[in-house]
Participant: 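Take a look at the following structure, please.
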Amino acid sequence: MNSDTDLAPAVASILEAARDRTADAEDVVDVDARSLPDAIAAAEADGRVPVIAEVKPTSPTADGTRDDDPVELAEAMVAGGATAISVLTEPSHFGGSPESLTRIREAVDVPVLRKDFVVREAQMDVVEADLLLLIVRFVDDLEELIAAARERGFQPLVEVHDRAELETALEAGAEIVGVNNRDLAKLEVDLETFESVSPHARRMTRLDEANGETASNVPDEVTLIAESGVSSPADVRRMREAGADALLVGSAIMDHGAGDSDVTENTRRLVEATGESTT
Ligand SMILES: O=C(O)c1ccccc1NCC(=O)[C@H](O)[C@H](O)COP(=O)(O)O
């Protein structure tokens, strides 16, 4: 793990809370996961942009809190064409909970991501989900955590912020990689982050192993997700042109400032962002 000194205070606080969080589950999770790559393929087949819509009651950068029932939010996102649902389960900075995720997963039939700050294996045994987030920057033993997640049936979504972290992720065998456009020092979003990392991911996964340029456990295919800062159909097209297989969108769908904003419509305008347009 890198030093904590170049993290925004909010992120340092999230990380400290994550490290302190106990997980005293008696049973090891054993989940029969819904496949994200299959869900992405199904969306592509019927002309939807694959959007992972995020149930994110609040966040350090949100301009408010939405108190709506998380299940109603998730169902509204699926009605708008969401390919999968991301659920923040972090309680103190994002207003999430594992219980919300369980209720959501029972109510929808798309894959559900547990978006949290998991730093130890024991913290995986809190709730069943189809995908589990692992953030390269925050863990010391990525390869072991990927293996531990897979043993439980989770599909690990490994999050990176730059090319060096991407290499770490791919060499550890990550098959689903999220490139987060929000930097952890100032919490600013810049879609160029995805644009600069994505070609490197494609190059690394295509290099012939025999030429010795890539580690032997780099997968042939990787599912690449552009995370954070996608707020308009134009942003969607931009990330797709840069190679995103799917987009993870929270704030633009939750629209925290406007408490009663229509989550179905907010999802649909991104899901339908195909073809040419200037907006
Ligand atoms: O969203 C935040 O304010 C935030 C602050 C500090 C660490 C992480 C944070 N967000 C986590 C996420 O990765 C996003 O919720 C997710 O990618 C969606 O981003 P957005 O569409 O920009 O809400």
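Just so you know, these numbers come straight off a predicted model, no measurement behind them. Atoms within a ligand are numbered from 1 in the order they appear, just like the ligands themselves.
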Participant: Taking R269 for the side chain and P233 for the main chain, is one N or O donor matched with an acceptor at less than 3.5 Å?
Facilitator: no
Participant: In this structure, which one of R66, M254, H256 forms a side chain to side chain contact (heavy atoms under 4.5 Å, CB included) with S261?
Facilitator: R66
Participant: Decide, yes or no, whether a salt bridge links D125 with R152 under the criterion of side-chain N to carboxylate O below 4.0 Å.
Facilitator: yes
Participant: Any side-chain donor paired with an acceptor under 3.5 Å for T223 and D245?
Facilitator: no
Participant: Are E90 and K115 ion-paired here, with the side-chain N under 4.0 Å from a carboxylate O?
Facilitator: no
Participant: Could you check whether any side-chain N or O of Q123 sits under 3.5 Å from a backbone N or O of R21, counting only pairs where one atom can act as donor and the other as acceptor?
Facilitator: yes
Participant: List by chain and number: which residues place a heavy atom under 4.0 Å from ligand 1?
Facilitator: V11, I14, E54, K56, S59, P60, T61, F94, K115, N180, R182, L187, E227, S228, G229, L248, V249, G250, S251
